[in-house]
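The structure under discussion appears below in the form of structure tokens.
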Amino acid sequence: MKSSIKPAKVQRTGEFEETQFGISSNEDMTHIFEILRSKLYSDKIIAVIREYSTNAADAHVETGKEDLPIKITLPTSMEPEFKVRDFGEGLSEEDVRTVYCMYGRSTKRNSNDFTGQLGLGSKSGFAYGDNFIIVSYHEGTKTTYNAYIDETRLGSIAKISEESCSKSDTGIEIIISVGRYDIHDFSRKAERTLKYFSVTPEIINGSSLDLSRPDVIMEGDGWRHIKSPYYRNESTAVMGNIGYPIDVSAITWNEEEEQALRDLISAGFEIDFEIGELNIGANREALEYDKYTQVNIKRKCEEIS
């Protein structure tokens, strides 16, 4: 996803001694990585489900397989692993070492065809545990890597096996070991997270999941008024296969807008946005209510009205 932040132009009058911000040592870097790994996400299970499933969907967009479902395996007591499998191009060993394991590095920042841009989501497995497995099917080779927190706390990635596979078998599979007390939570939170996917994922061990959408009272181009048992119900912004609750109180309304639009957005709408039309927080858990996002939400509300 393209960033809405534009490069700054600074005009200087005179000469000044300048020092750029940075990270001074490995000790400081360890502290920063610890924040990005375990402090960034308020719900670590949802983070894992959201980040890896949207990455998988991005891989299908990148290879022209938008209509092909990604595959998600939910953990069970007999097989306590959460897995996400896409059928994109997979990753070469160079891609794994120079892109995948680098914080802040992203190949998706120049296009609004993709959800990702921050270079953080592929490491979200560390938010839940100290290691996860990456299996890459690429150009006739199946390579398995272990990503783990090492003695330095910076984290490492190691190739643990390599074998031949069919050249038609391509993509990435992420495997995360799940604690037995979290097995039910993964299923419950997968249901909440995956229901907005434009192409419903293939769910293994998910027979009890209900990914159906609510009944629609009326709909238009890119919006749906949802049937709800409550008189007032929050609306949801849907962007990049993820639904974000719209916080009415975080939007600045002028007097003319306030009555009609505020009531409208409190009446339970699902509103579709193109990738890049809204800014989201670094943890991708909620919208960032800057001027850019507010303007686009109001514009959509006016269209619905």
Side-chain angles (χ1 to χ4, degrees), residues 30 33-59 69-86 100-101 103 115-116 118-136 144-151 153-158 160 171-197 200-213 236 240-245 280-286:
T30 300
F33 282 6
E34 199 70 39
I35 292 172
L36 295 176
R37 277 195 296 262
S38 61
K39 310 297 183 187
L40 189 64
Y41 304 107
S42 63
D43 190 315
K44 295 170 171 51
I45 292 176
I46 287 182
V48 165
I49 297 168
R50 180 187 61 245
E51 298 302 325
Y52 290 121
S53 58
T54 53
N55 279 355
D58 280 348
I70 63 173
K71 182 186 290 186
I72 293 177
T73 302
L74 295 173
T76 65
S77 56
M78 298 295 292
E79 188 182 1
E81 293 178 331
F82 174 73
K83 303 177 184 179
V84 179
R85 173 77 154 92
D86 71 61
Y100 196 93
C101 64
Y103 281 86
T115 302
L118 300 174
L120 300 176
S122 62
K123 295 83 173 171
S124 60
F126 285 140
Y128 181 75
D130 281 349
N131 86 296
F132 60 94
I133 300 298
I134 306 153
V135 184
S136 177
T144 301
Y145 302 89
N146 184 23
Y148 59 97
I149 303 300
D150 59 9
E151 301 86 348
R153 301 297 298 173
L154 291 174
S156 294
I157 191 164
I160 56 178
I172 291 289
E173 184 173 43
I174 303 296
I175 305 172
I176 295 174
S177 295
V178 174
R180 64 191 180 99
Y181 294 111
D182 292 333
I183 289 172
H184 175 70
D185 277 351
F186 264 87
S187 294
R188 180 171 58 86
K189 292 178 179 181
E191 183 174 277
R192 188 197 317 173
T193 306
L194 301 174
K195 68 179 180 178
Y196 294 105
F197 271 58
T200 303
E202 176 187 352
I203 309 290
I204 309 299
N205 303 328
S207 58
S208 62
L209 260 63
D210 181 10
L211 298 182
S212 62
R213 303 290 281 273
T236 301
N241 290 317
I242 299 297
Y244 300 96
I280 52 179
N283 59 13
R284 301 218 301 163
E285 293 177 346

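All values reported here derive from a predicted model rather than from experimental measurement. Heads up: numbering here begins at 1 and tracks the sequence.
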Quiz item: Which pair of heavy atoms, one from S187 and one from L209, lies closest together, and at what distance?
Solution: O-CD1, 3.8 Å

Quiz item: Hey, mind stepping through E202 and I204 against side chain to side chain contact (heavy atoms under 4.5 Å, CB included) and telling me if it holds?
Solution: CA-CA 7 Å; E202 176 187 352; I204 309 299; 3.7 Å; yes

Exercise. Go through the structure and list residues passing side chain to side chain contact (heavy atoms under 4.5 Å, CB included) with D150, not counting sequence neighbours.
Key: Y148, T152, S156

Quiz item: What pairs with N131 under side-chain hydrogen bond (donor to acceptor under 3.5 Å, both in side chains), at least two apart in sequence or on another chain?
Solution: N146

Practice problem: Could you tell me the separation between the OH atom of Y145 and the CD1 atom of I160, rounded to the nearest 0.5 Å? | Solution: 10.5 Å

For residues 173-181, run the donor-acceptor check on the side chains, cut-off 3.5 Å, and write out each pair with its distance to 0.1 Å, sequence neighbours left out.
none

Self-check item: Close aromatic pair by centroid cut-off 6.0 Å: Y128 and F186
Solution: yes

Quiz item: Would a distance-only check, ignoring hydrogens and angles, find a side-chain to backbone donor-acceptor pair under 3.5 Å from N283 to Y41?
Solution: no

Quiz item: What are the two closest non-hydrogen atoms of I49 and A190, and how far apart are they?
Solution: CD1-N, 3.6 Å

Practice problem: Would you check if the side chain of Y196 reaches a backbone N or O of G240 as a donor-acceptor pair within less than 3.5 Å? | Solution: no

Quiz item: What is the minimum heavy-atom distance between A147 and I134, and which atoms define it?
Solution: CB-CD1, 4.3 Å

Quiz item: Donor-acceptor pair, Y52 side chain versus S122 backbone, under 3.5 Å?
Solution: yes

Practice problem: Provide the full list of salt bridge (charged side-chain N to carboxylate O under 4.0 Å, His left out) pairs with a residue in residues 183-193, sequence neighbours left out, each pair given once. | Solution: D43-K189, D185-R188

Quiz item: Is the backbone of I149 close enough, under 3.5 Å, to the side chain of D130 for a donor and an acceptor to pair up by distance?
Solution: no

Quiz prompt | Gap between atom OG1 of T193 and atom CD1 of I45 - 0.5 Å precision | solution = 10.0 Å

Quiz item: Would you say I203 and L194 make side-chain contact, with heavy atoms under 4.5 Å?
Solution: yes

Practice problem: Scan for salt bridge (charged side-chain N to carboxylate O under 4.0 Å, His left out) pairs involving residues 46-57, sequence neighbours excluded, and state none if there are none. | Solution: E51-R284

Show me the side-chain donor-acceptor pairs of residues 72-85 shorter than 3.5 Å, one per line, residues at least two apart or across chains.
from : atom 1 : to   : atom 2 : distance (Å)
T76  : OG1    : M78  : N      : 3.4
T76  : OG1    : E79  : N      : 3.0
E79  : OE2    : K83  : NZ     : 3.0
R85  : NH1    : T170 : O      : 2.9
R85  : NH2    : D169 : OD1    : 2.8

Quiz item: Quick one: NZ on K195 to OG1 on T200, what's the gap to the nearest 0.5 Å?
Solution: 12.5 Å

Quiz item: Do you know which two heavy atoms are closest between F197 and A57, and how far apart they sit?
Solution: CE2-CB, 4.2 Å

